[in-house]
Amino acid sequence: MSGYFIVFEGGEGAGKSTQEARLASALEERGLTVVRTREPGGTPAAEEIRRVVLSPDYAGLDPRAEALLFAAARGEHVARVIRPALERGDVVICDRYLDSSVAYQGFARGLGPRRIRELSLWATGELLPDLTIVLDIDPADGLARFEQRDRLEAEPLEYHQQVRAAFLAMAEEAPDRYLVLDARDDVDAISAAILERTARGLGIG
Ligand code: TYD
């Protein structure tokens, strides 16, 4: 595939969407075609699944059912949006992906990171990002930015601390495919670091 697949990961309130928007415009200014999308979601059916998994109405959702729903949404999203875009040669910028399942369902929910990773790899036909940008934030700071929380944001702080540790551990294992940035840094400095690393990855640096 000739495109380039970039994923943003991080805790709640890390400022992912601001940075995704900035990166998308910077790449478009350089003449690249960018597809911006998000998980869970990105297709009509996957957005329906999103509504179910994030709804406070289903507070007691079984953890295994939850993990399967995230994987199902991801399979649909990859098949209909991400893989076709990469085959056209586009840059895909996706808000969250497989590592979110590994961190939230695998580690924090205790379902096992290996199994959850395998499930998503199966669902997506083994599609992994070229680059993952982790906007790292202490969950106590990140969650303070929200007043109304969805079902997952309402989990205890300890859950979010496990999520944070999981992202950092995954990044440490494959440093050439991750960029970890402190989300409290200056917004412009973060954008510059992301663009520099992305341009290098794309070979347009
Ligand atoms: P969203 O409102 O998009 O959160 P954010 O702005 O922080 O990305 O909600 C997505 C929520 O779903 C978030 O709490 C993380 C969680 N999630 C999982 O638990 N597993 C997954 O595989 C994905 C993609 C998200």
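First listed ligand is number 1; within each ligand, the first listed atom is number 1. Quick caveat, the model's predicted, so the values are computed rather than measured. Quick note: numbers below take in every heavy atom, side chains included, and nothing from hydrogens, waters or symmetry partners.
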Open item on the list: Do the side chains of E20 and R96 get close enough for a salt bridge, i.e. N-O under 4.0 angstrom?
Closed with: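 Here E20 does not pair with R96 in a salt bridge, since their nearest N and O are not under 4.0 Å apart.
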
Open item on the list: Taking the basic N atoms (NZ, or NE/NH1/NH2) and the acidic carboxylate oxygens, is any pair closer than 4.0 Å for E28 and R36?
Closed with: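 No, E28 and R36 are not salt-bridged.
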
- [ ] Please tell me if the side chains of H77 and T124 come closer than 4.5 Å, counting only heavy atoms from C-beta onward.
- [x]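 Of all side-chain heavy-atom pairs linking T124 with H77, none is under 4.5 Å.
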
TODO: Collect the protein residues that have a non-hydrogen atom under 4.0 Å from ligand 1 and hand them over in chain and number order.
DONE: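 Contacting ligand 1 under 4.0 Å are E12, K16, E39, P40, R50, L54, F70, R74, D95, R96, S100, S101, Y104, Q105, D150, L152.
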
Task: ILVMFWY cluster membership beyond L68 - transitive side-chain contacts under 4.5 angstrom - done: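 ILVMFWY cluster around L68 also holds L119.
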
Open item on the list: Please give the remaining members of the hydrophobic cluster of I93, linking ILVMFWY side chains under 4.5 Å, ordered by chain and number.
Closed with: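 Members besides I93, by chain and number: Y4, I6, F8, L23, L27, L32, V34, V91, L131, I133, L135, L179, L181, I190, I194, L195, L202, I204.
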
TODO: Would you please name every residue forming a ring pair (Phe, Tyr, Trp, His ring centres under 6.0 Å) with F167, sequence neighbours left out?
DONE: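 Not a single residue meets the ring pair (Phe, Tyr, Trp, His ring centres under 6.0 Å) criterion with F167.
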
